[in-house]
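Input: a single structure, listed below in structure tokens.
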Amino acid sequence: MSRHVAFERLHNFRDLGGYPTRDGRAVRWGRLYRSDSLSKLQGEDWRRFLGLGVRTVIDLRHPWEIADRGRVPHHDGLAYHNLSIEHRPYDQASLGEDVEVGRYLADRYAEVALDGVKELRRALEVIAEDDSAPLVMHCASGKDRTGLLAALVLTLLGVDEETVIEDFARTGLATGRLVADWSAAHGGTTPSWPGYGRAPEEVMRLFLADLTASHGSVEAYVTGSLGVDDALTEALRARYLTP
């Protein structure tokens, strides 16, 4: 199976299937996807998306992003949830050259984990619902907000930390196209921050370490701060893991 699903306008759409879990199972293919903004879907891309049979979209962007750039096209049978988990927006492209990628982004993720508990909890509930899959979670680039939620989901499914980190870093394969899109939308200029669109492993490694230092483990954060119980975790595993 190919993890990256090729689209013309989407650059970071990929399947979370195939990752092994600690209990000897694996995440099912074709059930759980992560992506950059689905508002870019049109033409052949839209037809290919429909061919995946997606039933649920979780859009993690701010309402003002949706108002400015659109959302996934309406389609009968496609459930849409806007859950804006980031409460303190920031402009990555305009950051200074001296801003270190790993520590800066890990700190922003920590803010999301602190501020967005209600929305993160709801996202996990939606993902665990009986009829939600196949499901796509996305933000603008499919890197930061999407990466954080994907990390929580994979951890609850029993995927080991190194694999979670590796999955996050796969966005690096899309960095060039993400930067090119930004440049095209800004008159051919280049983002002032060299870290724009990048997803080094260090970001997720630092974030998970910080979460563990504060809460004891990633799972303890999810159960304690988000209020996720055993029933929700078992529902996730029933929906997305192989027998």
Side-chain angles (χ1 to χ4, degrees), residues 1-6 10-36 52-58 60 102 106 109 113 120-121 123-139 142-175 199-213 215-224 226 228-243:
M1 297 288 290
S2 176
R3 187 164 305 286
H4 286 262
V5 182
L10 298 182
H11 311 319
N12 200 17
F13 194 109
R14 58 188 197 263
D15 195 326
L16 291 175
Y19 288 131
T21 59
R22 286 185 289 270
D23 63 0
R25 294 188 285 176
V27 181
R28 295 171 62 188
W29 288 99
R31 304 292 288 173
L32 189 61
Y33 299 96
R34 54 179 295 175
S35 179
D36 46 328
L52 296 174
V54 173
R55 302 182 69 176
T56 307
V57 168
I58 297 178
L60 301 172
Y109 294 9
L120 286 167
R121 160 75 191 212
L124 292 173
E125 290 174 341
V126 170
I127 295 169
E129 287 174 356
D130 283 344
D131 58 353
S132 62
L135 178 145
V136 182
M137 63 186 88
H138 81 90
C139 54
K143 177 172 73 78
D144 301 308
R145 291 166 285 187
T146 301
L148 189 159
L149 179 57
L152 296 182
V153 173
L154 290 175
T155 298
L156 286 176
L157 291 176
V159 176
D160 71 85
E161 183 173 297
E162 284 304 311
T163 302
V164 171
I165 292 169
E166 290 171 8
D167 174 74
F168 171 80
R170 284 180 179 271
T171 287
L173 298 173
T175 296
E201 289 188 358
E202 181 189 18
V203 177
M204 186 55 64
R205 195 178 302 280
L206 286 170
F207 169 64
L208 295 178
D210 291 346
L211 214 56
T212 298
H215 299 273
S217 68
V218 178
E219 292 87 349
Y221 160 75
V222 174
T223 57
L226 303 188
V228 169
D229 57 18
D230 290 344
L232 199 157
T233 300
E234 287 307 312
L236 282 171
R237 293 175 179 173
R239 307 285 177 269
Y240 297 101
L241 294 184
T242 58

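Taking the salt bridge (Lys or Arg N to Asp or Glu O under 4.0 Å) definition, one finds that E234 meets it with R237, sequence neighbours left out. A search for salt bridge (Lys or Arg N to Asp or Glu O under 4.0 Å) contacts involving D131 returns nothing, not counting sequence neighbours. Partners of T175 by side chain to side chain donor-acceptor pair (under 3.5 Å), not counting sequence neighbours: none found. Scanning for salt bridge (Lys or Arg N to Asp or Glu O under 4.0 Å) contacts around D160 gives an empty result, with sequence neighbours left out. Not a single side chain to side chain donor-acceptor pair (under 3.5 Å) links R55 to another residue, sequence neighbours left out. R239 is linked by a side-chain contact (heavy atoms from CB on, under 4.5 Å) to D130, A235, counting only residues two or more places apart in sequence or in another chain. Remark: Y33 engages no residue in a side chain to side chain donor-acceptor pair (under 3.5 Å) (not counting sequence neighbours). With sequence neighbours excluded, the residues satisfying side-chain contact (heavy atoms from CB on, under 4.5 Å) with R28 are R31, T242. Under the rule for a salt bridge (Lys or Arg N to Asp or Glu O under 4.0 Å), E161 has no partner lying at least two apart in sequence or in another chain. Taking R121 as the reference, E125 meet the side chain to side chain donor-acceptor pair (under 3.5 Å) condition, with sequence neighbours excluded.
Within the 4.5 Å cutoff, no side-chain heavy atoms of L120 are placed close to those of L124. You'll find the side chain of R3 reaches within 4.5 Å of the side chain of Y19, heavy atoms only. No side-chain heavy atom of L154 sits under 4.5 Å from any side-chain heavy atom of T163. Between H138 and N12 there is no side-chain heavy-atom pair separated by less than 4.5 Å. You'll find the side chain of D167 stays beyond 4.5 Å of the side chain of V164, heavy atoms only.
Under the 3.5 Å distance criterion, with hydrogens and angles disregarded, no donor-acceptor pair is assigned to the side chains of Y240 and T21.
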task = Carefully, step by step, assess T56 and E129 under the rule side-chain contact (heavy atoms from CB on, under 4.5 Å).
result = CA-CA 10 Å; T56 307; E129 287 174 356; over 6 Å; no

query = Is there a side-chain contact (heavy atoms from CB on, under 4.5 Å) between V54 and L135 once you walk through the steps?
reply = CA-CA 6 Å; V54 173; L135 178 145; 5.9 Å; no

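Listed by first and then second residue, the salt bridge (Lys or Arg N to Asp or Glu O under 4.0 Å) pairs involving residues 18-27 are R22-E219, D23-R25 (not counting sequence neighbours). Screening residues 199-208 for salt bridge (Lys or Arg N to Asp or Glu O under 4.0 Å), with sequence neighbours left out, gives E162-R205, E201-R205.
Formation of a donor-acceptor pair under 3.5 Å by the S132 side chain with backbone atoms of A128 is not found in this model. A distance-only check finds no donor-acceptor pair linking the side chain of D36 to the backbone of L10 [under 3.5 Å]. No donor-acceptor pair closer than 3.5 Å links the side chain of R14 to the backbone N or O of R34.
Contact detail for S35 and F13: the closest heavy-atom pair is OG-CD1, 3.2 Å.
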